[in-house]
Amino acid sequence: MTPERPEPIRFDPATADTRWQQVWDEHQSFRADVTSAKPRSYVLEMFPYPSGRIHIGHVRNYTMGDVLARYKRMRGFEVLHPMGWDAFGMPAENAAMEKGVHPGGWTRSNIANMKAQLKRLGFALDWSRELATCEPEYYGQEQALFLDLYAAGLVYRRESTVNWDPVDMTVLANEQVIDGRGWRSGALVEKRKLNQWFLKITDFADELLEGLSTLDKWPEKVRTMQENWIGKSQGLQFRFKPVAPLEEDIAVYSTRPDTLFGASFVAIAADHPIAQAMAKDTPEAGDFIAKCKQGGTTAAELETAEKLGFDTGLKVVHPLDETWQLPVYIANFVLMDYGTGAVFGCPAHDQRDIDFARKYGLPVTRVVADGGKTNPVFEGGEAYTGPGRLVNSRFLDGLDVPAAKAAVIAQAEAEGWGEGKTVWRLRDWGVSRQRYWGTPIPFIHCEVCGVVPVPKKHLPVVLPEDVTFDVPGNPLDRHPLWKHVDCPQCGHAARRETDTLDTFVDSSWYFLRFASQPDDRPFDPEAIKRWLPVEQYIGGIEHAILHLLYARFWTRALARIGKVEVTEPFASLFTQGMVTHETYERKNPENGQPVFFSPAEVERTAEGAALKADGAPVEIGRVIKMSKSKKNVVDPDEIVAKYGADAIRWFMLSDSPPERDLPWSEAGIEGCWRFVQRLWRLFGQYDAEAIGTDAALARKTHQTVHAVAQDIEALGFNKAVARIYELTAATEKAGPSANRSAAIRALLLLAAPMMPHLAEEAFAVFGEGLVADAAWPEVDPALLVDDEVTVAVQVKGKLRDTLTVAKGTPREELERLALASDKVQRALDGAEVRKVIVVPDRLVNLVA
RNA sequence: GCGGACGUGGCGGAAUGGUAGACGCAGGGGACUUAAAAUCCCUUGAGCUCAGCUCGUGCGGGUUCGAGUCCCGCCGUCCGCACCA
């Protein structure tokens, strides 16, 4: 420390942040060089929808990715860390309808705003690769890929049902249907059938499922969700023969054909043809079917809803015993669109079936032994679904469940009344949207030639700009000119497809386009080979199924048609937690409804919180995800303006593990701001000339550098932050030495990925260029191990004393020292030591 | 209902089966200051007969020399969902 150095002034993010952001821009510091000889690393965060403002959740997401990207650069990697915009979607059309703006103009100005916001946070992004899915350069290439998939037979058309709003004359998304009514018109929504485009994701069900097992760096939770979504089940599909007056067979599918001798009824869906036919001349059946359609459709509602059945009076014959007849029920828990829309019930071994059987007084026969229980009369209301030997099942008796399944399937196939079948829950991906603001589907409908793909040389099919939103319906469909074209095959007047693609298509390949952006094709396969798979993908858990499954599918589809080699696009996935905040509310005295207040309107007091406007208390509600409706939001821009980018970045990384929720607090950000300044003061004490050694601090420094690196690589940012605090405190306390200067320098470099502006400002004094180009500090492995250790001394497992000894002290010596301790002797109280456990360098446990 | 995750001070959270509570926030006391801010120092799981001891990681058992961590059974909270046959 040099005494004459002036008292360091405060670090001023208001000037420093923008200054360094400009320098990085000018140096193109974060531009990924595809020709680099360095090892490559592709770090990607899920790109945002340009809603208009950056949300604090984005800040958390992008800060995590940024720390990793900057760290990887410091470790010598050529890093690809791009950013773009998932720019098509309904909010732009809603804005157009509400505010009379053009979706394109609205979206592009949102992008400009949000880009400026991201820049103010100092993210190390390669902006030269920025893309927006709403631009023809992007969606035109998407159209080309769609045509490739069509040519490969992976795209087809079929009829499918949509939600139709009869007042607005428009198709509604599920989220636009509220309690069965259109969200704008309030009209009762109707089901309508339209010809729609589909992608054959079911062709990939098996490989998408198999592929999950290779994704060992994905959260278990996400893999489980995808596995359940794909939903592979193996079982028997077979037919029950009818008993007059029933005329046709009833086809059923079961994953438990082994329990066929325990069958006591057959249940069909309300939509089943037999049920529909019956409704025509039996009013009671019609009433029951109508009743089935009431109520919610979510799993939780359906699962907990009462099981209802209607006895049709019809009978079918048991396939394994011609003399055995089973009653046919219409049941509210059978779904027409899964399997065959009919099941057989084996109450003893299926909970739903036993609920149903007990309610309607149907037989419940045990066919799988539950331990020693083999009695055919099954007692109680709880089904036995565990393993066991088959009983009361004729030729199956004595077999275990898997063997019995195989035996029944073999019998069915031999006798020709059924066959083993794999059924998937996954359905083909419907990608048609009857909307303007999306990628036009590149097809033309010709009365002569049928559906004709737009020739690639005519791509992109560009959205018309002159559209209006003042009348309901699809603007593309009612545009006076756009859809009228000549057939590319026969030249006759024809009509463009006016459906656009689901925006999930746009996000299914953007990570490929980031790797290279040629004008004449979607991507350069060589660039894909170099950069893909994404080494670390980071985003919200809300995309655990759809986006991630579609992106995996799209990549595999491109691999199948030879466009890419990679099959799994994201080697490692991380799903971050939400940013939460407490809510402030009062009950409206008139109707008892809660009224929410924003954090800006509220002041925390010693007792709780009060409204600034009237000084009276407000209730502090639960800590929940920030949402506009609960008003518990904070604007990242305001935080950056007040505390600077580094403080908010530091907050995003501190305390909470990144996969868990992070509670925002004013006190927390204040603490981060103070730490930024504290580091600044410490950096100001750097003295290149300092001499003398401080072995303990040197050791602590190297241990911290090593540990922080490991923490960052494991995305354990909160732990890395804690270690930086520790080294900071130790360095502050240490007297001047060469090692102290080294510690300060190391701290600066450790902090650089997290607080890059502060780090640049302090590093500038060193005259070594940009910290953005600096290397991670070297670690001396010799300094990672302590030469002195603290050994715990326990008596019967309870801590009684600690010993500070040289590392590697022999067991006998540790035992002798432990027995010599007064505290130990007191705890032993003369008892004889019967056993001694010694864990070298850790503990001695004396058992008396 | 099913699937998954989680449960540790006032709060966020640390802890390869080996000293529970690192680190941060908040609180208490003090220094500096005319004062404030900023900064620095000390302190903070609970209890007791307080140089010490006892209890303590949702609850009840178990395994172990030793359990926050492993096993069994409960309770609670959160997330996801598609009646999956």
Side-chain angles (χ1 to χ4, degrees), chain A residues 10 219-225 227-229 231-233 235-236 252-257 259 267 269 297-305 307 331-335 337-346 350-353 355-356 423-427 541-542 544-545 577-578 580 604 606 623-624 650-651 654-657 659-663 665-672 674-675 677-678 681 716 718-726 728-729 732 790-803 823 826-827 834-839 841-848:
Chain A
R10 280 190 173 196
E220 182 73 41
K221 176 183 183 161
V222 175
R223 282 187 292 166
T224 304
M225 284 165 83
E227 193 180 317
N228 292 340
W229 188 263
K232 182 178 190 173
S233 66
L236 174 69
V252 303
Y253 175 76
S254 172
T255 53
R256 290 296 304 271
T259 64
T297 55
T298 67
E301 281 174 304
L302 292 166
E303 284 280 1
T304 49
K307 309 300 182 244
N332 65 346
F333 57 85
V334 180
L335 294 181
D337 56 359
Y338 187 83
T340 60
V343 299
F344 78 82
C346 176
D350 183 291
Q351 190 55 44
R352 199 187 48 207
D353 292 348
D355 291 345
F356 191 82
V423 168
W424 303 88
R425 197 211 77 104
L426 186 69
R427 306 212 203 307
I541 187 72
E542 66 274 19
I545 297 175
M578 298 178 301
T580 59
R604 288 301 304 260
V623 178
I624 54 170
W650 188 251
F651 187 102
S654 303
D655 294 349
S656 288
E659 69 278 10
R660 283 205 225 166
D661 289 352
L662 172 67
S665 76
E666 197 63 29
I669 186 70
E670 296 266 5
C672 293
R674 284 198 299 271
F675 185 64
Q677 298 301 337
R678 184 173 156 200
R681 286 192 299 275
N718 57 323
K719 291 187 228 172
V721 161
R723 293 187 202 282
I724 290 174
Y725 274 116
E726 282 184 67
T728 301
E732 285 170 337
T790 305
V791 173
V793 182
Q794 300 178 334
V795 175
K796 289 189 281 186
K798 289 202 174 201
L799 182 73
R800 294 300 170 182
D801 200 359
T802 58
L803 303 168
K823 292 174 181 173
R826 223 179 303 142
R834 288 182 292 123
K835 191 172 173 187
V836 181
I837 289 113
V838 179
V839 182
D841 296 337
R842 290 218 82 129
L843 67 68
V844 179
N845 188 9
L846 306 168
V847 185

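These figures come from a predicted structure and were not determined experimentally. Note on naming: letters A, B, ... go to the chains in the order of the sequence lines (proteins, then strands), and numbering restarts at 1 for each one.
- Distance noted for atom C1' between rA5(B) and rG24(B): 25 Å (whole Å).
- Nearest-nucleotide mapping onto RNA chain B: of Glu227(A) and Leu662(A), the residue sitting toward the 5' end is Leu662(A).
- Between Arg256(A) atom CZ and rC84(B) atom P there is a gap of 14 Å when expressed in whole angstrom units.
- Arg660(A) has a side-chain polar atom (N or O) that falls below the 4.0 Å cut-off from OP1 or OP2 of rG13(B).
- Following rounding to the nearest Å, Glu659(A) (CD) and rG4(B) (P) show an atom-to-atom distance of 18 Å.
- Atom CE in Met578(A) sits roughly 15 Å away from atom C1' in rG12(B) (whole-Å rounding).
- Atom C1' of nucleotide rG17(B) and atom CD1 of Ile837(A) are separated by 13 Å, given to the nearest angstrom.
- Helical stems involving RNA chain B, defined as 3 or more consecutive Watson-Crick or G-U pairs under 3.5 Å, span B:1-7 with B:75-81, B:10-12 with B:23-25, B:27-31 with B:39-43, B:45-48 with B:52-55, B:58-62 with B:70-74.
- Using atom P as the reference point in both rG13(B) and rU8(B), the two lie 9 Å apart (nearest Å).
- The CH2-P distance, from Trp229(A) to rG4(B), rounds to 18 Å in whole Å.
- Between Ala792(A) and Leu799(A), the shortest heavy-atom contact is CB-CD1, 3.7 Å.
- Looking at heavy atoms from C-beta onward, Val721(A) lies out of side-chain contact with Phe675(A) at the 4.5 angstrom threshold.
- Proximity of Thr259(A) to Phe344(A): side-chain heavy atoms (C-beta onward) are separated by under 4.5 Å at one or more points.
- The residue Arg834(A) sits apart from the nucleic acid: no heavy atom pair falls under 4.0 Å.
- Rounded to whole Å, the distance from CZ on Phe675(A) to C1' on rU39(B) is 15 Å.
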Report, as a single string ordered 5' to 3', how protein heavy atoms within less than 4.0 Å touch nucleotides 19-30 of chain B: B base, S sugar-phosphate only, - not at all. B--BSSSS----
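- Residue Val222(A) comes nearest to Ala544(A) through the heavy atom pair CG1-O, 3.6 Å, listed as atom of the first residue, atom of the second, then distance.
- For rA22(B) and rA46(B), the P atoms lie 13 Å apart once the distance is rounded to whole Å.
- rG80(B) and rC84(B) have their C1' atoms separated by 16 Å, with the value rounded to a whole Å.
- rA26(B) and rA20(B) are spaced 28 Å apart, taking the P atom of each and rounding to whole Å.
- Looking at residues two or more places apart in sequence or on another chain, you find a salt bridge (charged side-chain N to carboxylate O under 4.0 Å, His left out) between Arg223(A) and Glu220(A).
- Residues Ile541(A) and Lys221(A) form a side-chain contact, since some pair of their non-hydrogen atoms from C-beta on lies under 4.5 Å apart.
- For the pair Asp661(A) (side chain) and Gly577(A) (backbone), a donor-acceptor distance under 3.5 Å is absent.
- For Phe333(A), taking side-chain heavy atoms from C-beta onward, the closest of the listed nucleotides rA14(B), rC83(B), rG66(B) is rC83(B).
- Under the salt bridge (charged side-chain N to carboxylate O under 4.0 Å, His left out) criterion, Arg678(A) pairs with Glu732(A), not counting sequence neighbours.
- For Ser656(A), the side chain to side chain contact (heavy atoms under 4.5 Å, CB included) partners are Arg60(A), Leu662(A), Pro663(A), not counting sequence neighbours.
- Taking atom C1' on both rA15(B) and rG62(B), the two are 24 Å apart, rounded to the nearest angstrom.
- For the pair Trp650(A) CH2 and rG12(B) C1', the computed distance is 15 Å after rounding to whole Å.
- When rounded to the nearest whole Å, the span between CG of Leu846(A) and P of rG66(B) equals 14 Å.
- One P atom belongs to rG68(B), the other to rC59(B), and the distance between them is 11 Å to the nearest Å.
- Nucleotides rC42(B) and rC53(B) have their C1' atoms positioned 25 Å apart, rounded to a whole Å.
- Closest contact between the side chain of Ser656(A) and the listed nucleotides rG3(B), rG13(B), rC83(B) involves rG13(B).
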Are Ile724(A) and Trp650(A) close enough, and set up right, to give a side chain to side chain contact (heavy atoms under 4.5 Å, CB included), and what steps lead you there? CA-CA 11 Å; Ile724(A) 290 174; Trp650(A) 188 251; 4.0 Å; yes
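- In this entry the base of rC50(B) is syn relative to its sugar, with a glycosidic angle within 90° of 0.
- When heavy atoms are screened at a 4.0 angstrom cut-off, Val334(A) is found touching base atoms of the nucleic acid.
- Listed here is the closest heavy atom pair of Tyr253(A) and Gly235(A): OH-N, 3.1 Å.
- Within the model, atoms OG1 of Thr728(A) and CZ of Arg681(A) stand 11.0 Å from one another, a figure rounded to the nearest 0.5 Å.
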In 5'-to-3' order, the base (B), backbone-only (S) or no-contact (-) status of each nucleotide in nucleotides 50-55 of chain B, using a 4.0 angstrom heavy-atom cut-off, is ----SS
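- With rounding to the nearest 0.5 Å, the separation of NZ in Lys835(A) from CG in Leu846(A) is 12.5 Å.
- Because its glycosidic torsion is within 90° of 0, rG9(B) is reported here as syn.
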